[in-house]
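Below: the structure, in structure tokens.
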Number of protein chains: 2
Amino acid sequence: MPGEPRSLLHAKRKRTVDAIVETVIYLYTESRRLTKERARAYGLTGPQLTVISILSQLGDLSLSSLSERIKAQNSTVTGIIDRMEREGLVRRERSDEDRRIVLIRLTDKGQTLAREVALEPMEIFRTALDGIPRRDIDELFRVLDLVQARVRELVGETDHEATPKEE
Amino acid sequence: MPGEPRSLLHAKRKRTVDAIVETVIYLYTESRRLTKERARAYGLTGPQLTVISILSQLGDLSLSSLSERIKAQNSTVTGIIDRMEREGLVRRERSDEDRRIVLIRLTDKGQTLAREVALEPMEIFRTALDGIPRRDIDELFRVLDLVQARVRELVGETDHEATPKEE
DNA sequence: GGGCATTCTTTCGTGTGCGAAATATTCGCA
DNA sequence: TGCGAATATTTCGCACACGAAAGAATGCCC
């Protein structure tokens with residue numbers, strides 16, 4: 001194959017890719033920052049506000065299901081719940097069916113707060129998407145989904161542990 | 001305006017938005033996880049590897065420009081550099097022109113490591129984008145850019161402090 | 001029925017990550 | 001000159017965040 005202006009094409013594409021990566025980072029970090037700012041108004045931290053909003057929507061949850069929801073390790077969530085319990089926002093309650101499980105439950109104080117805030121994760125990001133035409137949203141979804149599939153493929157995606165792939 | 005099946009449209013749209021948000025979170029956190037995993041192989045943490053790769057590409061940087069690059073506060077980067085200095089990966093050097101400035105410089109050990117790794121931030125994400133057709137990449141860029149603009153608009157975007165808006 | 005793998009949570013050590021206050025240096029300007 | 005505002009970095013206190021190991025309870029299976 002003869003020489004082509006390949007590097008030029010690559011250069012342009014690299015700029016686009018850089019911009020996309022930058023944008024994703026921006027959206028993610030800005031959303032986090034805003035959640036935090038919003039939480040501060042109620043004397044909470046970002047993760048604490050998220051926990052309150054999840055418990056309020058889904059009811060009592062075991063510590064591990066909570067961890068799964070907020071995509072953090074159990075050991076991290078233990079700490080978050082410790083501090084929230086100290087503040088009287090949640091209570092730990094041992095499950096009766098399986099006494100290994102700790103159920104996290106909102107106290108009255110926690111529920112009152114929940115009603116005041118009603119926050120979605122990544123809220124500004126969502127709000128921004130509201131201002132975008134339907135067709136563009138669909139396009140965004142379509143391509144992001146392609147990218148995600150590709151990442152999962154590259155990563156191996158056996159859940160980093162679970163089911164060893166058998167085909 | 002007469003009644004429309006508005007809630008149905010909203011429901012569908014909400015699902016799409018949820019999926020988009022989920023995907024962005026996935027891409028961001030998975031990229032971070034991979035960087036960290038990769039760093040471990042060299043006895044480094046994620047941020048440390050990022051610092052090495054940036055310094056290696058751009059040469060010596062002041063602490064603040066480094067903070068800007070990795071989008072973290074100065075106080076955070078101070079800590080990262082402390083530990084890297086302890087490990088003999090970088091040196092602090094007071095600038096001669098402006099003695100307020102601390103220049104961060106890779107040691108020989110740091111440079112050797114840099115040559116071994118050569119990592120881009122959010123690397124898998126980038127790699128995944130490589131497998132996506134040009135037209136889709138352009139679409140993704142176009143719409144994400146719209147979203148970003150909308151977020152900036154919503155946030156006020158006076159740099160959270162800088163130039164008080166005067167129009 | 002007793003032990004052993006499994007599951008759920010906590011503990012521990014270390015490393016970010018932030019914001020406010022302290023410190024050091026430079027710059028503008030009266 | 002000399003002093004107060006501005007800039008660059010560090011210190012401090014706190015809250016995540018993770019992984020490895022310990023602790024507690026369950027379930028399986030001989």
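Chain letters run A, B, ... following the sequence lines, proteins first, then strands; residues in each count from 1. Since this is a predicted model, take the numbers as computed values, not measurements.
A:R92 has a carboxylate O that lies under 4.0 Å from a charged side-chain N of A:D82, or vice versa, which qualifies the two as a salt bridge. Remark: B:R38 engages B:E123 in a salt bridge, criterion side-chain N to carboxylate O under 4.0 Å. A salt bridge does not link A:R150 to B:D130: none of the charged side-chain nitrogens sits closer than 4.0 Å to a carboxylate oxygen.
Remark on DNA chain C: of its neighbouring residues A:V102 and B:Q48, the 5'-side contact belongs to A:V102, judged by nearest-heavy-atom nucleotide. Two residues, B:L63 and A:E87, neighbour DNA chain D, and the one matched to the more 5' nucleotide by heavy-atom proximity is B:L63.
If you check every strand for non-hydrogen atoms under 4.0 Å, A:S75 touches a base. Residue contacts for A:T78: at a heavy-atom cut-off of 4.0 Å it reaches a base atom on one of the strands shown. If you check every strand for non-hydrogen atoms under 4.0 Å, B:N74 touches a base.
Under the 6.0 Å distance and 45° angle rule, A:R152 counts as a cation-pi partner of B:Y26.
OP1 or OP2 of D:dT10 lies within a sub-4.0 Å distance of a side-chain N or O belonging to B:R92. For C:dG15, the OP1/OP2 oxygens have a side-chain nitrogen or oxygen of B:R86 closer than 4.0 Å. Here B:T76 reaches the OP1 or OP2 of C:dC18: one of its side-chain N or O atoms lies under 4.0 Å away. Taking 4.0 angstrom as the limit, A:Q73 places none of its side-chain polar atoms (N or O) nearer than this to OP1 or OP2 of D:dA17. Remark: A:R83 is in phosphate contact with D:dC16, judged by side-chain N or O atoms under 4.0 Å from OP1 or OP2. Between A:R32 and D:dA17 there is a side-chain N or O to OP1 or OP2 distance below 4.0 Å. Checking the phosphate oxygens (OP1, OP2) of D:dA20, a side-chain nitrogen or oxygen of B:R40 falls inside 4.0 Å.
B:I81 places its CD1 atom 14 Å from the P atom of C:dG15, with the value rounded to the nearest Å. Rounded to whole angstrom, the span from the NZ atom of A:K71 across to the P atom of D:dA17 amounts to 13 Å. One atom, CG of A:D82, and another, C1' of D:dA15, lie 12 Å apart when rounded to the nearest Å. Distance CD (B:E93) to P (D:dA8): 19 Å, rounded to an integer number of Å. Regarding B:R100, its CZ atom lies at a distance of 6 Å from the P atom of D:dA8, rounded to whole Å. B:I80 places its CD1 atom 6 Å from the P atom of C:dG17, with the value rounded to the nearest Å. In this structure, B:K36 atom NZ and D:dA17 atom C1' are separated by 6 Å, rounded to whole Å. Straight-line distance from the CG atom of A:L66 to the P atom of D:dA17: 12 Å, rounded to whole Å.
Between A:R115 and A:Q111, the side chains place no donor N or O within less than 3.5 Å of an acceptor N or O (distance only, hydrogens not considered).
Between the side chain of A:R94 and the backbone N or O of A:R99 there is at least one donor-acceptor pair closer than 3.5 Å.
Comparing D:dC18, C:dC18, C:dT26 by their nearest atom to the side chain of B:A72 picks out C:dC18. Picking from D:dC16, D:dA25, C:dG17 the nucleotide with the shortest atom distance to the side chain of B:P47 gives C:dG17.
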